[in-house]
Number of protein chains: 2
Amino acid sequence: MSASSAAEAPPGTSSAVPLRVGDGRGSTRARIERAALELFTAQGFEQVTIEEIAAVAGTSRRTFFRHVGSKADAVWGDFAAHVARLAALLDAAGDSVAVLPAVFGAYVEVNDYAEADLPVLRQRMRLILTEPALQAHSQLRYADVDEVVARYVAARCGQAPAALLPRLVATATRAAATTAFEVWLAEEEGSLAGALRTAFGQLADGFPDLR
Amino acid sequence: MSASSAAEAPPGTSSAVPLRVGDGRGSTRARIERAALELFTAQGFEQVTIEEIAAVAGTSRRTFFRHVGSKADAVWGDFAAHVARLAALLDAAGDSVAVLPAVFGAYVEVNDYAEADLPVLRQRMRLILTEPALQAHSQLRYADVDEVVARYVAARCGQAPAALLPRLVATATRAAATTAFEVWLAEEEGSLAGALRTAFGQLADGFPDLR
DNA sequence: ACGCTAGAGGCACCCGGTGCCACCGGCAAG
DNA sequence: CTTGCCGGTGGCACCGGGTGCCTCTAGCGT
């Protein structure tokens, strides 16, 4: 449920088709994303124009759009792969665990980043949670996540994916995950997994102190 | 947490300053919103240009923006008033009820629409939940709602509004409310309040069947 | 009659996003 | 070597949302 860190292709893997892999500083797409992230954090999302990003990335406006689709997408890396991984994790969970723990576990696992990736992750999430335009755009990305989770819950409960329970579990768990990201960002110390587990825990027992 | 139905000023109330109230078909703002809503549902959000809306509303592009701020805002009516009402309801609830029931109750009450307003509400919510651009924009509106709820929960629990618990309650209840709207929209029969209460109920007991 | 003010409209501009075409480099087939 | 294909690139023109600025006009009080 965070921005994906899989911007670059795995270094060891050479594609079947002999693509131009890069000019030493990574693929065009990766250069664009790096430039965008840097400029956005330095000057703010709205202040940066596509032309500037393209210039820093050493390419053209037109090529920018061919690679990242939209200005907001430049922040998200390969998020589709992220969602696919979540789906795979849920799939692998199967019926071995109860539904809610399965969803929680998949969220925690899909957001298990290597130490080295955390700074970039922070940078991305700070932008996404802070900049209004990106905050708005995030809803579209999260909708994909919600659909995956709802489908899983629906399958396990024998309900339609559009029924109340699956949709509710999907949106509520995702809200919890987003909130966990918020507090993880706000305080310097503390692990992301810990924040996620705390949020999920509170959600799962229905806020007993507040009833 | 729905779109506000308070597009028009209350008919009996004349402002302190003698504004031009309208030309018999309501204020300029109301005409713009009606035109926008009609065109959006008929042709889809993206397909309609501001120029078209302005033409149907009998005004100009420039005036459109003076009144509604943005294309997406044309769908939301006076949502700030809606949020203010929610805040007032929470304020009025005070410490008489437990925190969670108070939030639930405020949500239900703020979404207690007159029978006559339901068709427009459906139209608005269908657009907001269906059209990607509006779905994205909704996140910005909902952020205001979340802040109000988080502030209330924080005050009652003696925590900071940015702490995990208040933020979590705010986002989770709002997710539940949105989901309730979704299912209410999907099935023709059934009351909105009922859908809200069901969703809140499931949320409050932590999905016992799924643990 | 005077000026003031608020709402309105026109105009020019910026920027994100798209469609179209032209170019260039690599590569395989002849 | 030449030819033709092809994928990535870039330029260009266009559309549409949004804003700043200026002007006009209608209604107001003095």
Side-chain angles (χ1 to χ4, degrees), chain A residues 9 14-33 35-37 39-40 43-76 127 131-138 140, chain B residues 9 14-33 35-37 39-40 43-76 127 131-138 140:
Chain A
S14 70
S15 317
V17 190
L19 294 173
R20 177 135 69 106
V21 198
D23 54 6
R25 295 184 319 164
S27 68
T28 305
R29 158 116 197 203
R31 268 182 297 130
I32 289 175
E33 286 182 5
L37 220 55
L39 289 170
F40 289 163
Q43 310 175 21
F45 183 79
E46 306 273 11
Q47 275 58 50
V48 180
T49 69
I50 309 284
E51 203 110 26
E52 293 180 66
I53 305 173
V56 172
T59 181
S60 76
R61 194 175 123 83
R62 195 65 191 82
T63 300
F64 173 97
F65 282 113
R66 247 191 287 271
H67 279 278
V68 295
S70 86
K71 193 180 178 182
D73 280 323
V75 181
W76 286 84
L127 284 168
E131 294 281 353
L134 290 173
Q135 207 178 329
H137 180 82
S138 71
L140 302 179
Chain B
S14 69
S15 317
V17 191
L19 296 173
R20 178 134 68 104
V21 198
D23 55 5
R25 294 186 318 166
S27 68
T28 305
R29 158 115 197 202
R31 268 182 298 129
I32 289 175
E33 287 183 4
L37 219 55
L39 289 170
F40 290 163
Q43 310 175 22
F45 183 78
E46 307 273 11
Q47 276 57 51
V48 180
T49 70
I50 310 282
E51 203 111 25
E52 291 181 67
I53 305 173
V56 171
T59 182
S60 74
R61 192 174 124 82
R62 195 65 190 81
T63 299
F64 173 97
F65 282 113
R66 247 191 287 270
H67 280 278
V68 295
S70 85
K71 192 181 179 182
D73 280 323
V75 180
W76 285 84
L127 284 168
E131 295 280 352
L134 291 174
Q135 206 178 329
H137 179 83
S138 71
L140 301 179

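We name chains A, B, ... by the order of the sequence lines, and we start the count at 1 in each one. No experiment lies behind these values; they were computed from the predicted model shown.
- Whole-Å rounding puts the A/R29 CZ to D/dG8 P distance at 14 Å.
- A/H67 has a side-chain polar atom (N or O) that falls below the 4.0 Å cut-off from OP1 or OP2 of D/dT9.
- Put simply, OG1 on A/T28 and CZ on A/R66 are 11.0 Å apart, with the number rounded to the nearest 0.5 Å.
- The side chain of B/S60 contributes an N or O atom lying less than 4.0 Å from OP1 or OP2 of C/dG9.
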Could you tabulate the donor-acceptor pairs under 3.5 Å formed by side-chain atoms of residues 68-75 of chain B, not counting sequence neighbours?
{"from": "B/S70", "atom 1": "OG", "to": "B/A72", "atom 2": "N", "distance (Å)": "3.4"}
{"from": "B/S70", "atom 1": "OG", "to": "B/D73", "atom 2": "N", "distance (Å)": "3.2"}
{"from": "B/S70", "atom 1": "OG", "to": "B/D73", "atom 2": "OD2", "distance (Å)": "3.2"}
{"from": "B/K71", "atom 1": "NZ", "to": "B/F45", "atom 2": "O", "distance (Å)": "2.9"}
{"from": "B/K71", "atom 1": "NZ", "to": "B/V48", "atom 2": "O", "distance (Å)": "2.7"}
{"from": "B/D73", "atom 1": "OD1", "to": "B/H137", "atom 2": "NE2", "distance (Å)": "3.3"}
{"from": "B/D73", "atom 1": "OD1", "to": "B/R141", "atom 2": "NH1", "distance (Å)": "2.7"}

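- Residue A/I32 comes nearest to A/I53 through the heavy atom pair O-CG2, 3.9 Å, listed as atom of the first residue, atom of the second, then distance.
- Put simply, B/T28 has a side-chain N or O that comes within less than 4.0 Å of OP1 or OP2 on C/dA8.
- Using modelled atom types, one side-chain atom of A/E52 and one backbone atom of A/T49 make a donor-acceptor pair closer than 3.5 Å.
- Although no hydrogens or angles enter the test, the distance criterion places no donor-acceptor pair under 3.5 Å between the side chain of B/R61 and the main chain of B/E51.
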Using nucleotides 17-19 of chain D, report all nitrogen or oxygen pairs with the protein that are shorter than 3.5 Å.
{"from": "D/dG17", "atom 1": "OP1", "to": "B/V48", "atom 2": "O", "distance (Å)": "3.3"}
{"from": "D/dG17", "atom 1": "OP1", "to": "B/K71", "atom 2": "NZ", "distance (Å)": "3.0"}
{"from": "D/dG17", "atom 1": "OP2", "to": "B/I50", "atom 2": "N", "distance (Å)": "3.2"}
{"from": "D/dG18", "atom 1": "OP2", "to": "B/K71", "atom 2": "N", "distance (Å)": "2.7"}
{"from": "D/dG18", "atom 1": "N7", "to": "B/R61", "atom 2": "NH2", "distance (Å)": "2.7"}
{"from": "D/dG18", "atom 1": "O6", "to": "B/R61", "atom 2": "NH2", "distance (Å)": "2.5"}

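- Between A/R66 atom CZ and C/dG16 atom P there is a gap of 17 Å when expressed in whole angstrom units.
- One interatomic measurement links the two molecules: CD of B/Q47 to P of C/dG17, which rounds to 17 Å at whole-angstrom precision.
- What you find for B/L140 and A/P132 is that their closest heavy atoms are CD2-O, 3.4 Å.
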